[in-house]
Structure formats: structure tokens, C-alpha cells
Novice: 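I'd like to ask you about the structure that follows.
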Amino acid sequence: MVTRRQIGACVALLLIAQAGCELEEVVIPVGEPVVIVQAVMRPDRAQQFVVVEWSFTGLADPDELTSVQVPSGSGPHLPIENATVRVVNLDFPTDPCGDTTRFTFTTGDPSVPKLPGVYWAPAGCPTLRPGDRMALTVRVPGGSVVTGQTRVPGMAGATLRVAGQTVAFGGPDITLFNRDRDTLRVDVEPIVGRLIQVEAKRIDDESAAAGSKLFADTTAVAIPGNLPDILPGGGGEDIFRAGRRYALTAALSDTNYFDFARSRNNPITGRGFINRLDGGIGVFGSLTSLSTVVEVTGDFDDPREGRYLVQGVAAGVDIDAELLLYLARSIDSTAVSGFLSGTWMMGGPFGPEGGFAWVDRDVNRLSIDGTMQGDSLVVLVPGPGGMAKGPLVVRALLQPGGPSTGVVIDSLALGRTAELGDLSFEKQ
């Protein structure tokens with residue numbers, strides 16, 4: 001039984017809590033701008049660049065700014081122009097690039113845009129040898145100076161072991177593995193350094209976001225095929241999904257980059273980010289990497305998954321293809337992906353006098369994505385330039401144990417939604 005004394009205590013606590021929630025509004029003054037420098041020296045790349053910008057002070061709303069994609073996309077949010085950016089190899093005084101390499105807005109590559117706040121070195125400079133100490137100096141208008149040092153790592157090679165295979169990174173081989181059974185083992189043979197980063201990024205879709213990254217302070221790491229991405233931004237999504245190809249990259253890095261990549265600023269306390277620059281914040285690090293390609297399959301655990309023979313006629317094109325269909329093993333259980341092989345269709349300027357026409361197209365394990373609600377399947381088949389060039393839409397009703405039918409719909413990117421033809425789906 002609740003007593004009066006207990007009720008009175010609860011009311012008192014409630015009043016205290018309400019009083020404590022009445023906080024006074026305080027206007028926080030605009031902060032002092034800080035120089036942010038981001039540069040990672042890459043001996044595996046032909047040209048180096050440095051990004052220089054101001055920190056947010058409260059004058060700009062980050063939510064109103066577009067996403068940043070450096071160096072080939074948009075530039076820094078608050079770029080610093082007319083800075084002096086120099087890098088010197090402290091262990092190579094006879095560097096053929098000169099005693100100091102100056103970075104400028106000139107990229108030397110017409111395909112790479114000149115962006116404010118992005119500074120480029122001449123191709124091949126400075127010389128980056130394993131073990132060399134590199135020193136950075138950035139002077140911005142107004143007198144601020146940012147400095148930092150990095151030691152260039154180096155590796156003799158890297159290997160991938162999976163399902164009894166051993167494949168060398170950097171070669172043309174495509175490695176198959178089953179996400180439900182296999183574990184990928186990455187081994188790096190270092191010359192200098194022992195901190196590694198392994199990145200898996202989908203390669204069949206131009207619109208794919210940045211890949212999943214794993215960090216280890218050893219020269220080897222094992223990655224189960226069913227491992228979810230629990231890092232910020234990963235959202236618990238599977239790192240590897242069946243029906244996709246991934247570029248798997250093994251990188252050996254210095255301490256600066258390793259700490260920068262694995263630390264994160266706490267938005268409340270401002271703590272957590274590891275900064276090794278003097279006079280500013282950011283990173284001046286270095287890494288070298290090698291890549292290989294993996295193709296992911298899986299077990300067929302759901303009656304709707306499996307191998308389908310897809311046939312029919314659409315826009316006058318005879319379709320005869322095989323679809324390997326997989327449900328995602330992630331948070332979104334409605335997502336599907338798969339591989340399409342055989343005779344499909346492609347639209348383009350193939351008609352008389354360059355007019356638009358549909359023609360047959362041979363595809364080999366083309367990666368597709370889609371969703372499945374119950375037995376209703378919707379699949380997007382990318383065009384020759386990827387999803388960005390306009391996919392074809394395939395809608396089907398899968399009936400396990402019975403005949404399944406579908407339809408091909410014209411590319412939404414071309415502004416047409418007309419049905420092109422009927423398809424049959426036969427489970428193999």
C-alpha cells in the first residue's frame with residue numbers, strides 16, 4: 001500500500017525535476033576559426049594533394065551546406081585560398097623534386113577540377129620512400145602556421161586467403177567466397193609500419209557510398225563473411241552482401257592516419273579526436289595500399305531465394321538469362337541482390353540515323369539490387385553506365401513451387417514508365 005509520506009516524496013521529486021528543466025537560454029558567442037588541414041601522402045598514387053579550410057564558428061549552418069567529396073567532387077565547405085603549402089622529405093636531401101615540394105591549385109590533370117582549398121603537388125613529387133620522414137608546413141593569410149610530420153610506410157605485398165585459396169592483392173583475379181560460410185584472412189607483409197586498414201567497397205554501382213573500414217594494429221586480420229558494419233555510419237548493415245562484387249583494399253598506414261581514422265570527436269565534450277598537428281587540427285599522415293576484387297555468394301535459405309531462369313520478349317528483344325537471387329542478411333530483411341547472366345537488353349542510339357532502339361546485350365554476373373515484399377519482387381537492372389545512367393525495372397510475383405511471371409518497365413531516368421514486355425521466372 002502506498003502511504004501519504006511516499007506520495008509526498010514523489011510529488012517533491014517531481015517538482016524538483018520540473019524546476020531543474022527550466023534552463024536559462026544562453027547565446028554562445030561565435031568561436032575563433034581554426035585552420036583544418038587534411039593530407040595523406042600516398043606512394044601508391046601518382047599525385048598528392050592537401051586540403052586546407054577553416055573550422056565552423058557558428059556563422060555557417062552545416063545543415064545548409066552540400067556534402068564534400070574531395071578531390072574529384074565539390075570542394076571544402078570553408079576553403080582557405082592563397083595559402084602556402086610545402087612538403088619536404090627530411091631523409092632525402094637530394095630529392096629530384098627539389099629540397100621542397102610546393103603544392104598549388106594546378107592539378108596537371110584536366111579531368112580533375114581546380115577547387116578552392118585543394119592544393120596539388122606536381123606528379124611524382126615529393127619522393128616517397130618507405131621509412132622516409134616527411135614534413136608539412138602550411139601558412140595561411142593572416143599568419144597562422146600549421147606543421148606536422150609523418151613517416152612513410154611500405155609493404156612488400158599482401159595476400160587474401162579464403163576457402164582454401166590464396167590470392168595476391170594487386171592482381172587481376174576475382175576471388176569467390178560464401179558470406180554464410182567463409183572467412184577472409186588478409187595478411188600484409190610490411191617493410192615499414194604495422195598498422196593496417198582493410199576497406200570493402202562495392203564496385204558495381206557508381207552511386208555506391210563509401211565502403212566499410214576495419215582497423216587493426218597488427219599486420220593480419222580475419223573478417224567473417226557475415227560480419228555487420230557496427231562503426232558509425234554502418235548502421236548494422238552487412239559488410240558483404242551476396243550478389244555483389246567488392247573492391248577489397250589492404251592499406252598499411254602510419255600512426256597519424258591510423259589515429260585520425262579510428263578516433264572521433266564527441267559533439268558534446270569535444271574530446272576523443274586524436275590530433276597530431278601543431279597550429280591547427282586535422283591529419284598529416286601517409287599510407288600505401290593494394291586492392292583485389294571479391295565476388296560474394298551465399299546459401300539459399302529462403303524458398304524465394306535461388307536460381308531463376310528468366311525468359312521472354314521485351315521491346316522486340318529475346319531475353320534468356322539466369323538470375324541468382326539472395327535476400328539480405330541485415331537489418332532490412334526486404335532488400336535483395338543478385339547476379340544476372342545471359343542475354344538481356346540495352347537501350348541506346350542504335351536505331352536508324354542514331355535513333356533510340358533496344359538491342360540484345362550479353363551480361364555476365366551483372367550485379368542487381370531490389371526489394372521483396374512477400375512474394376512481390378522489384379529489381380533494378382543497371383544500364384551500361386551503372387545505376388546513374390538509368391536502370392530497367394523488373395517486377396515479378398514469385399510463387400514457390402508454381403509458375404512465376406514478371407514484366408520489364410522502361411528506364412525511369414528516360415522519363416518513360418511503359419511496360420516493354422512480359423517475362424517468366426522458372427525456379428531451377
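Source: prediction; values computed, not measured. Sequence positions, counted from 1, serve as the residue numbers for this chain. Both backbone and side-chain heavy atoms feed into the values below; hydrogens, waters and symmetry mates do not.
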Novice: So, N89 versus D95: side-chain donor-acceptor pair below 3.5 Å or not?
Specialist: no
Novice: Check step by step if side chain to side chain donor-acceptor pair (under 3.5 Å) holds for T159 and R185.
Specialist: CA-CA 8 Å; T159 57; R185 303 182 187 278; over 6 Å; no
Novice: Residues in side-chain hydrogen bond (donor to acceptor under 3.5 Å, both in side chains) with D301, at least two apart?
Specialist: R329
Novice: Quick one: closest heavy-atom pair of A220 and I196, and the distance?
Specialist: N-CD1, 3.9 Å
Novice: Consider side-chain hydrogen bond (donor to acceptor under 3.5 Å, both in side chains). Of N226, D299, T297, which one does R181 pass it with?
Specialist: D299
Novice: In Å and rounded to the nearest 0.5 Å, what is the OG1 to CZ distance from T175 to R245?
Specialist: 12.5 Å
Novice: Quick one, D259 with T255, criterion side-chain contact (heavy atoms from CB on, under 4.5 Å). Give me CA distance, side-chain angles, the key distance, then yes/no.
Specialist: CA-CA 6 Å; D259 288 342; T255 302; 3.4 Å; yes
Novice: Looking at CD1 of I368 and CG of L340, how far apart are the two atoms once the value is rounded to the nearest 0.5 Å?
Specialist: 7.0 Å
Novice: Would you find a donor on one side and an acceptor on the other, under 3.5 Å apart, between the side chain of T371 and the backbone of A335?
Specialist: no
Novice: Can you list the steps and then say if T100 with R102 is a side-chain contact (heavy atoms from CB on, under 4.5 Å)?
Specialist: CA-CA 6 Å; T100 301; R102 180 166 182 173; 5.7 Å; no
Novice: Any non-hydrogen side-chain atom of V118 less than 4.5 Å from a side-chain atom of F105?
Specialist: no
Novice: Is the closest basic N to carboxylate O distance between D182 and R179 below 4.0 Å?
Specialist: no
Novice: Is there a side-chain contact between V393 and V408 in this structure, where contact means two heavy atoms from C-beta onward sitting under 4.5 Å apart?
Specialist: no
Novice: Checking the side chain of D375 only, and the main-chain atoms of A396 only, is there a donor and an acceptor separated by less than 3.5 Å?
Specialist: no
Novice: Would you mind reporting whether V140 and V52 have side-chain heavy atoms less than 4.5 Å apart?
Specialist: yes
Novice: Starting from the C-alpha separation in whole Å, work towards a yes-or-no answer on side-chain contact (heavy atoms from CB on, under 4.5 Å) for T292 and V167.
Specialist: CA-CA 9 Å; T292 189; V167 179; 4.3 Å; yes
Novice: For a 4.5 angstrom cut-off between non-hydrogen side-chain atoms, does L327 reach R304?
Specialist: yes
Novice: To the nearest 0.5 Å, tell me how far F169 CZ sits from M155 CE.
Specialist: 8.5 Å
Novice: Restricting to non-hydrogen atoms, name the atom on A314 and the atom on I319 that form the minimum distance, rounded to 0.1 Å.
Specialist: CB-CD1, 4.0 Å
Novice: Main chain of L287, side chain of S253: is a donor-acceptor contact present, judged purely on distance under 3.5 Å?
Specialist: no
Novice: For G243 versus Y326, what's the shortest heavy-atom pair and its separation?
Specialist: N-CD1, 3.9 Å
Novice: With sequence neighbours left out, what residues match T343 under side-chain contact (heavy atoms from CB on, under 4.5 Å)?
Specialist: D360, D362
Novice: Report yes or no: does R129 contribute a side-chain atom to a donor-acceptor pair with the main-chain N or O of D91 at less than 3.5 Å?
Specialist: yes
Novice: Between the side chains of R241 and D238, is the shortest nitrogen-to-carboxylate-oxygen separation below 4.0 Å, so that they form an ion pair?
Specialist: no
Novice: Do R244 and D369 meet the salt-bridge criterion of a basic N to acidic O distance under 4.0 Å?
Specialist: yes
Novice: Checking the side chain of S291 only, and the main-chain atoms of T249 only, is there a donor and an acceptor separated by less than 3.5 Å?
Specialist: no
Novice: Looking at CG of N178 and CZ of F240, how far apart are the two atoms once the value is rounded to the nearest 0.5 Å?
Specialist: 12.5 Å
Novice: So, do F300 and L325 sit near enough that their side-chain heavy atoms are less than 4.5 Å apart?
Specialist: no
Novice: Given 3.5 Å as the limit, does a donor-acceptor pair link the side chain of E199 with the main chain of L248, or not?
Specialist: no
Novice: So, for P190 and G193, which heavy atoms are closest and what is the spacing to 0.1 Å?
Specialist: CB-O, 3.1 Å
Novice: To check you understand the geometry: which heavy-atom pair defines the closest contact between A242 and G298, and what is its length?
Specialist: CB-N, 3.9 Å
Novice: For this output row, return yes or no: ring centroids of F103 and F49 closer than 6.0 angstrom.
Specialist: no
Novice: Flag the pair V381 / V379 as yes when at least one side-chain heavy-atom distance between them is below 4.5 Å, and no otherwise.
Specialist: yes
Novice: Between F339 and R365, is there a cation-pi geometry (under 6.0 Å to ring centre, at most 45° from the normal)?
Specialist: yes
Novice: Could you measure the distance from the CD1 atom of I36 to the CD atom of E53? Nearest 0.5 Å is fine.
Specialist: 5.0 Å
Novice: Would you kindly say whether R42 and S289 are connected by a side-chain donor-acceptor distance under 3.5 Å?
Specialist: yes
Novice: Quick one: closest heavy-atom pair of V186 and A250, and the distance?
Specialist: CG1-CB, 3.9 Å
Novice: If you draw the axis of the six-membered ring of F284, does the NZ or CZ of R276 fall within 45° of it and under 6.0 Å from the ring centre?
Specialist: no
Novice: Run the numbers on I409 and V394 for side-chain contact (heavy atoms from CB on, under 4.5 Å), then give the verdict.
Specialist: CA-CA 6 Å; I409 301 175; V394 177; over 6 Å; no
Novice: Are side-chain heavy atoms of F258 and F215 found at a separation under 4.5 Å?
Specialist: yes
Novice: Heavy-atom distance under 4.5 Å between the side chains of I223 and L214, does that happen here?
Specialist: yes
Novice: Could you tell me the separation between the OG atom of S212 and the CZ atom of R202, rounded to the nearest 0.5 Å?
Specialist: 12.5 Å
Novice: Can you list every pair that meets side chain to side chain donor-acceptor pair (under 3.5 Å) and has a residue in residues 142-152, with sequence neighbours left out?
Specialist: T150-D254, T150-S286
Novice: Can a donor-acceptor pair be found, under 3.5 Å and without considering hydrogens, that links the side chain of Y119 to the backbone of A83?
Specialist: yes
Novice: Go through the side-chain N and O atoms of Y257 and Q197 and say whether any donor and acceptor fall under 3.5 Å apart.
Specialist: yes
